[in-house]
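Throughout, protein chains are lettered first and strands after them, A, B, ... in sequence-line order, and every chain is numbered starting at 1. Treat the numbers as computed from the prediction; the structure is a model and nothing was measured. Computation of the quantities below employed the complete heavy-atom set of this structure, encompassing side-chain atoms and omitting hydrogens, waters and symmetry-equivalent molecules.
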Protein chains: 2
Amino acid sequence: MVEGQPWWQLRLRKRGYRATLGRKAIIEFLSRSWKHPSPEQIYLTVRRIYPGIGLTSVYRTLEVLEHLGIIRKLVFGDGRSRYEISGGPRWRYHQHLFCVKCGKVIDYQSYIEEKEKLLNKIGKALSKKFSFKINTHQLHFYGLCKKCR
Amino acid sequence: MVEGQPWWQLRLRKRGYRATLGRKAIIEFLSRSWKHPSPEQIYLTVRRIYPGIGLTSVYRTLEVLEHLGIIRKLVFGDGRSRYEISGGPRWRYHQHLFCVKCGKVIDYQSYIEEKEKLLNKIGKALSKKFSFKINTHQLHFYGLCKKCR
DNA sequence: GTAAATGCAAAGGTTTTGCACGTTA
DNA sequence: TAACGTGCAAAACCTTTGCATTTAC
């Protein structure tokens, strides 16, 4: 029964969560999306494939998936949250540029290794200094995209 | 008339903004604060010194001050924004740790130079690659503080 | 069959807007 | 005295909660 299951299904079940149709639809949508949709955008799109879904379930599902590390929540301060897949076979670590005018999010992968090395070093120093357990980090650049500048 | 004016007053006037009592009260409060207050916290505190102020003005003032680079807006994704002074004589560059359980924000200054060097390098590469004009960045670590872990 | 998950409607919390009035330069 | 700034109330938005019903295992 284990083989043949998508990676995320296994992760859900291992932690006692059920692999429902709504969750499946949301994860599959996010896996295919190269954008960083907000809960409402996810709701509007997923609804076309799985018409029964409600916005509430989208929010609740996103919370669960984030908790399991299947997705990542991004906040840029424009009043809406955004989500992206953070695991699975095709996934690659990356960071983000945010256009403060139009809200466009651009993925980038420059100097990832160098950055990871430094951030790990910083993270370790901080854990020790403040007895703080670091789970994750976010590095965002803010500015104006090509169209908006 | 120029000497004797606080640094922020000059910055406001140079850009055509007026140095009102409300703005003065907010900036002075933020200059003294080592915390990262939300608009509501700013409102509640400043109101004790300057009772006439309204929450709306706090929001509008924060927007102006951020636009002028006098303060910085911090977002951690818990549904409220936070602000801190980002200039003036006593100010020192720093970054933040955020406790996802209690919302505590800790300032830190580890490896600042090394980090700045790398981020400038990344910033330049990204500006070029995406024709993106970078204004600022935020690097946040998320986790659990001493009390909450 | 039982506990988990869902949809709907309502509520909650933060931030923004309209407009008449007050203040600053 | 002309703009600019402000306070109040209302609106707009995003997100969460309560509860009866459905679904997964």
Side-chain angles (χ1 to χ4, degrees), chain A residues 1-2 5-6 8-27 36-44 46-47 49-68 70-71 73-83 100 103, chain B residues 1-2 5-6 8-27 36-44 46-47 49-68 70-71 73-83 100 103:
Chain A
M1 275 296 275
V2 168
Q5 270 192 95
W8 49 266
Q9 214 169 82
L10 200 60
R11 272 214 230 172
L12 276 169
R13 290 197 169 124
K14 270 195 174 167
R15 301 283 286 273
Y17 292 98
R18 293 176 180 177
T20 65
L21 291 174
R23 287 171 179 173
K24 179 171 184 281
I26 290 172
I27 293 170
H36 309 78
S38 66
E40 196 187 359
Q41 291 171 321
I42 294 168
Y43 165 65
L44 292 174
V46 168
R47 195 169 57 161
I49 298 153
Y50 183 65
I53 205 163
L55 183 54
T56 305
S57 290
V58 172
Y59 274 101
R60 283 192 279 226
T61 294
L62 292 173
E63 194 187 346
V64 169
L65 298 182
E66 193 201 359
H67 178 236
L68 296 180
I70 293 173
I71 62 174
K73 178 182 181 178
L74 306 174
V75 293
F76 295 101
D78 66 337
R80 78 189 52 201
S81 53
R82 291 167 170 79
Y83 290 85
V100 295
Chain B
M1 277 295 276
V2 169
Q5 269 191 92
W8 49 265
Q9 216 169 78
L10 200 60
R11 270 213 230 174
L12 276 169
R13 291 200 168 122
K14 269 195 176 166
R15 303 281 288 270
Y17 293 97
R18 294 175 179 176
T20 65
L21 291 173
R23 286 172 181 174
K24 179 172 183 280
I26 290 171
I27 293 171
H36 309 78
S38 66
E40 195 186 1
Q41 291 171 320
I42 294 169
Y43 165 66
L44 292 174
V46 168
R47 195 169 58 160
I49 298 154
Y50 183 66
I53 204 163
L55 183 55
T56 305
S57 290
V58 173
Y59 274 101
R60 283 192 278 226
T61 293
L62 293 173
E63 193 186 348
V64 169
L65 298 181
E66 193 202 359
H67 177 236
L68 296 180
I70 294 173
I71 62 174
K73 178 182 182 179
L74 306 174
V75 292
F76 295 102
D78 66 338
R80 79 189 53 198
S81 52
R82 291 168 170 79
Y83 291 86
V100 296

Undergrad: So, using side-chain hydrogen bond (donor to acceptor under 3.5 Å, both in side chains) as the criterion, who are the partners of R18(A) when residues are at least two apart?
TA: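 Per chain and number, R18(A) pairs via side-chain hydrogen bond (donor to acceptor under 3.5 Å, both in side chains) with no residue.
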Undergrad: Applying side-chain contact (heavy atoms from CB on, under 4.5 Å), can you list everything that pairs with L44(A), at least two apart in sequence or on another chain?
TA: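 L44(A) satisfies side-chain contact (heavy atoms from CB on, under 4.5 Å) with E40(A), R47(A) only.
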Undergrad: How is S81(B) classified with respect to the nucleic acid when contacts are heavy atoms under 4.0 Å: base, sugar-phosphate, or nothing?
TA: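 Sugar-phosphate, backbone atoms only, no base.
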Undergrad: Quick one: side-chain contact (heavy atoms from CB on, under 4.5 Å) partners of E63(B), sequence neighbours excluded?
TA: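 E63(B) satisfies side-chain contact (heavy atoms from CB on, under 4.5 Å) with no other residue.
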Undergrad: For DNA chain D, note the earliest and the latest nucleotide, 5' to 3', having some atom under 4.0 Å of a heavy atom belonging to chain B.
TA: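 The footprint of chain B covers dA3(D) to dA9(D).
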Undergrad: For K24(B), enumerate each residue passing the side-chain contact (heavy atoms from CB on, under 4.5 Å) test, keeping only those at least two apart in sequence or located in another chain.
TA: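 By the side-chain contact (heavy atoms from CB on, under 4.5 Å) rule, K24(B) matches W8(B), E28(B).
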Undergrad: I'd like to check the side-chain contact (heavy atoms from CB on, under 4.5 Å) partners of Y59(B); sequence neighbours left out, ordered by chain and number.
TA: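 side-chain contact (heavy atoms from CB on, under 4.5 Å) list for Y59(B), sorted by chain: P39(B), L55(B).
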Undergrad: For Y17(B), which residues count as a ring pair (Phe, Tyr, Trp, His ring centres under 6.0 Å) partner, sequence neighbours excluded?
TA: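 If we apply the ring pair (Phe, Tyr, Trp, His ring centres under 6.0 Å) test to Y17(B), skipping adjacent residues, there are no hits.
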Undergrad: Treat primed atoms plus P, OP1 and OP2 as sugar-phosphate and everything else as base, then score nucleotides 16-25 of chain C 5' to 3': B for base contact with protein heavy atoms under 4.0 Å, S for sugar-phosphate contact only, - for none.
TA: BBB----BBS
Undergrad: Output the rounded distance in Å from NE2 (H67(A)) to P (dA5(C)).
TA: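 Spelled out: NE2 on H67(A) to P on dA5(C) is 13 Å.
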Undergrad: Could you state the atom-to-atom distance from CG of L62(B) to C1' of dT15(C) in whole Å?
TA: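 Going from L62(B) (CG) to dT15(C) (C1'), I get 11 Å.
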Undergrad: How close or far is atom P of dA4(C) from atom CZ of R23(A), stated in whole angstroms?
TA: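 Value for this atom pair: 11 Å.
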Undergrad: Test of understanding: with side-chain hydrogen bond (donor to acceptor under 3.5 Å, both in side chains), list the residues that count as partners of R11(B), not counting sequence neighbours.
TA: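 side-chain hydrogen bond (donor to acceptor under 3.5 Å, both in side chains) check on R11(B) returns nothing, list empty.
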Undergrad: Would you say the side chain of T61(B) lies within less than 4.5 Å of the side chain of T20(B), judging by non-hydrogen atoms?
TA: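 Of all side-chain heavy-atom pairs linking T61(B) with T20(B), none is under 4.5 Å.
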Undergrad: What are the two closest heavy atoms between A19(A) and Q9(A), and how far apart are they?
TA: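 For A19(A) versus Q9(A), the nearest heavy atoms are CB-CG, 3.4 Å.
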Undergrad: Kindly say whether E66(A) contributes a backbone atom to a donor-acceptor pair with the side chain of K73(A) at under 3.5 angstrom?
TA: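 No: the side chain of K73(A) does not pair with the backbone of E66(A).
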Undergrad: Identify, with sequence neighbours excluded, every residue that meets side-chain hydrogen bond (donor to acceptor under 3.5 Å, both in side chains) alongside S38(B).
TA: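 With neighbours one apart ignored, the set is Q41(B).
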Undergrad: Of the nucleotides dT14(C), dT15(C), dG7(C), which has the atom closest to the I53(A) side chain?
TA: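 Nearest listed nucleotide: dG7(C).
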Undergrad: Rounded to 10°, tell me the angle between the two end axes of the helix from dG1(C)-dC25(D) to dA25(C)-dT1(D), each built from five pairs.
TA: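 Here the helix ends are tilted 40° relative to one another.
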Undergrad: Tell me the interatomic distance from Y43(B), atom OH, to dT15(C), atom C1', rounded to whole angstroms.
TA: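 Taking OH of Y43(B) and C1' of dT15(C), I get 15 Å after rounding.
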